[in-house]
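The structure appears right after this line, and notes come after that.
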Amino acid sequence: MTDYLLTDVSPLGEAATDVLLADGRIAALGADARARANDDAVTIDGAGLVLLPGLVDLHTHLREPGREDAETIRTGTRAAALGGFTAVHAMANTSPTQDTAGVVEQVWRLGREAGWVDVHPVGAVTVGLEGERLAELGAMADSQAQVRVFSDDGRCVHDPVVMRRALEYVKAFDGVVAQHAQEPRLTEGAQMHEGVVSAELGLAGWPAVAEEAIIARDVLLAEHVGSRLHVCHLSTAGSVEIVRWAKSRGIDVTAEATPHHLVLTDEEARGYDPVFKVNPPLRTQADVDAVRAGLEDGTIDIVATDHAPHTREDKDCEWAAAAFGMTGLETALSVVQETMVDTGRMTWADVARVLSTNPARIGRVADHGRPVAVGEPANLVLVDPAARRTVVPEEQATKSTNSPFRGRELHGRVVATFLRGRATVLDGAPVDESQVVA
Amino acid sequence: MRHLLSAGDLTPAEAVTILDTAAQMAATQEREIKKLPTLRGRTVVNLFFEDSTRTRISFETAAKRLSADVINFSAKGSSVSKGESLKDTALTLQAMGADAVVIRHQASGAPHTLATSGWTHGAVVNAGDGTHQHPTQALLDAYTLRRHLVGDGGRSDVTGRDLEGLKVAIVGDVLHSRVARSNVQLLHTLGAEVTLVGPPTLVPVGVGAWTARVSYHLDEVIADEKPDAVMMLRVQRERMSSAGGGFFPSPLEYTRGYGLDARRLAALPDHAIVLHPGPMNRGLEISADAADSPRAVIVEQVANGVAVRMAVLYLLLAGGAPATNERADA
């Protein structure tokens, strides 16, 4: 296995140093790194580059099994590696649904065979995501996939009794329920955020209260039964307030925001381009501001992509007929850099926290989100914050082209990604596939 | 003007030009031979993804009176129900050489998508999309208002005139109404003052940004504002059911609060007129007394619709001022 000597890199954006990767671990730091590097170690000039723990996505749709025309585990995890990720959580709304030990093990195994990142399947909370009876959560937890995150994402566990049972049940194996907060009756036929823009465009509204009401209920349920709760893709100012309040009460709740909710607003819907159709919908500028503030002050624990690839035919149509969702794996880090770091609101250490340490902790992923320290697993990403790049969806590794950032110049670029010391990305490009397969 | 997608896209000058052109078109319709040769050899496609016999016939009549070839394409069951997609339908029509596509679609924004996608090179005319826009309806309403209420009630020439100072109440299901959205924008552009009236459940969240006042009380609006015109919107009966959204408790309660009956008709100023885009629910939003009264201009709206649509097709496809002295070949 190749050793890598990263010279003059800035771990978490701090003082530059040298880092030696050998035998899948961080073997040495500082002067020691050069001294201990053997002759055939590959040296990467890291001057000006930031070294972060490999990113961990708690919310990815890999679409396999079932919609391999939109994404496969291979294409999706390759996109993840290019985005700087070393682990992703594959959402359960596949076909068949990831609601049995058999299906989650299949996804886990396909992820291992692909080799680009560690794939941690999310288990469905209820059978078929129908919201009626619990899936075999224990069997999924005990399977080879060792599922710890359970979610009906795409749908809300709306029945309060089912939600309560799920919150209680997963305590037995330290699991967490990740809720897609959407009151179904308040969002029947909903197409976009309900407000000034939806009123004008004549698109059925998805009111903020439909998200906030579920979050409010769930934090109280979590408090009542003493469980931990994770809130997926929080998108409104009111949701930030509710989570802030819940945390102040000591409720064990974590929350995520997506990159797109950090930067895009419902104004994007005005052109009726379905690439901007997403669930939860793009909100107002006031919501974007509140989500940024929540991420800055720690109310929001993580950024997760909600990478949702869709085929062209599912987006190349009128708005109402289009699917919800946008891709995000290859743009997430840039959006966080642009909105939070380059604005001075967060440090690179904060980025490591919200994109690696915290998601790894919430998902109970042991070998990711670790400090940059000797002896730690070499799951790392090297970022060039000074780079500028224009998004061309057709050139991305994801199989789908529904990026909302088409044509947009983004800040920063992933230079290299390492999974257990093995490079998956070098010089900003994926390594040859034969190199990653374990 | 390349397309007509939204009433909000029209400048005051463009809107007045359409009304003036419609007046000229209407004049030609008084003649024995109504057909003009203006669009001979041009093809207008009526692409209807949603049933609307009235609107389709109106556009068809308008196009035929201008000597255009008309193709009616009824495509009920769009991509929403996994039939042929809007895209493939549009590409098919493009291949057949459509100069203009008149589109009615249940999805808000479908005409916008058609016009900006490159799927068709023809002019796109929005004949009603979802709960978004119905610009030719607003234009025919404006034309009707101008004819009756501007320049001594039609006794003097109104060419070039807008609707400055007119007060119009639009009553009913504003939430689901493309007619209301189009009229709010166009009537404001033309200088009229619009008041929207309906139960709060049928007024959209976000209406505060519209160029209109909002009231929940029809009797107050009639008494206090003395509107020059009242435009009644169609209310679908299914809206009251729980499955339909439960927007109001019963048809009777709706009618009591927002129906135009003989009593409210009598309370209107003497010169005020009553409009309705049709089809009417007699006994729900409008009583027979009101619908059949001499102040109702509902049937005339239909005739004006043809003239306005002739004007729109003419301005989109022929450009410039109309030469209505031309005579069709016998």
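The basis for the numbers below is simple: all heavy atoms, side chains too, and nothing from hydrogens, waters or symmetry mates. Being a predicted model, the structure only gives us computed values, none of them experimental. Every chain is numbered from 1, with letters handed out A, B, ... down the list of sequences.
Heavy atoms closer than 4.5 Å to chain B are found nowhere in D273(A), neither backbone nor side chain. Using a 4.5 Å cut-off between heavy atoms, Q185(B) contacts chain A through its side chain alone, with no backbone atom that close. Proximity to chain A (any heavy atom under 4.5 Å) is shown, for T131(B), by both the backbone and the side chain.
For the set P204(B), G130(B), G109(B), the entry with the most heavy-atom pairs within less than 4.5 Å of chain A is G109(B). The most heavy-atom pairs under 4.5 Å with chain A, out of G206(B), A209(B), S117(B), come from G206(B). Across P274(A), G205(A), G271(A), A322(A), the residue that shares the most heavy-atom pairs under 4.5 angstrom with chain B is G271(A).
The environment of R270(A) atom CZ is dense: over 12 non-hydrogen atoms of other residues, nucleotides or ligands sit within 6.0 angstrom. Sparse packing is recorded around CE of M96(B), with 12 or fewer heavy atoms of other residues, nucleotides or ligands lying under 6.0 Å away. For H188(B), the NE2 atom sits in a loose shell: 12 or fewer heavy atoms of surrounding residues, nucleotides or ligands are nearer than 6.0 Å.
Remark: the backbone N or O of A199(A) is paired with a side-chain donor or acceptor of R181(B) at under 3.5 angstrom.
Under the 4.5 Å side-chain criterion, counting only non-hydrogen atoms from C-beta, Y272(A) is in contact with H132(B). Side-chain contact between S108(B) and L203(A) is present, with at least one heavy-atom pair separated by less than 4.5 Å.
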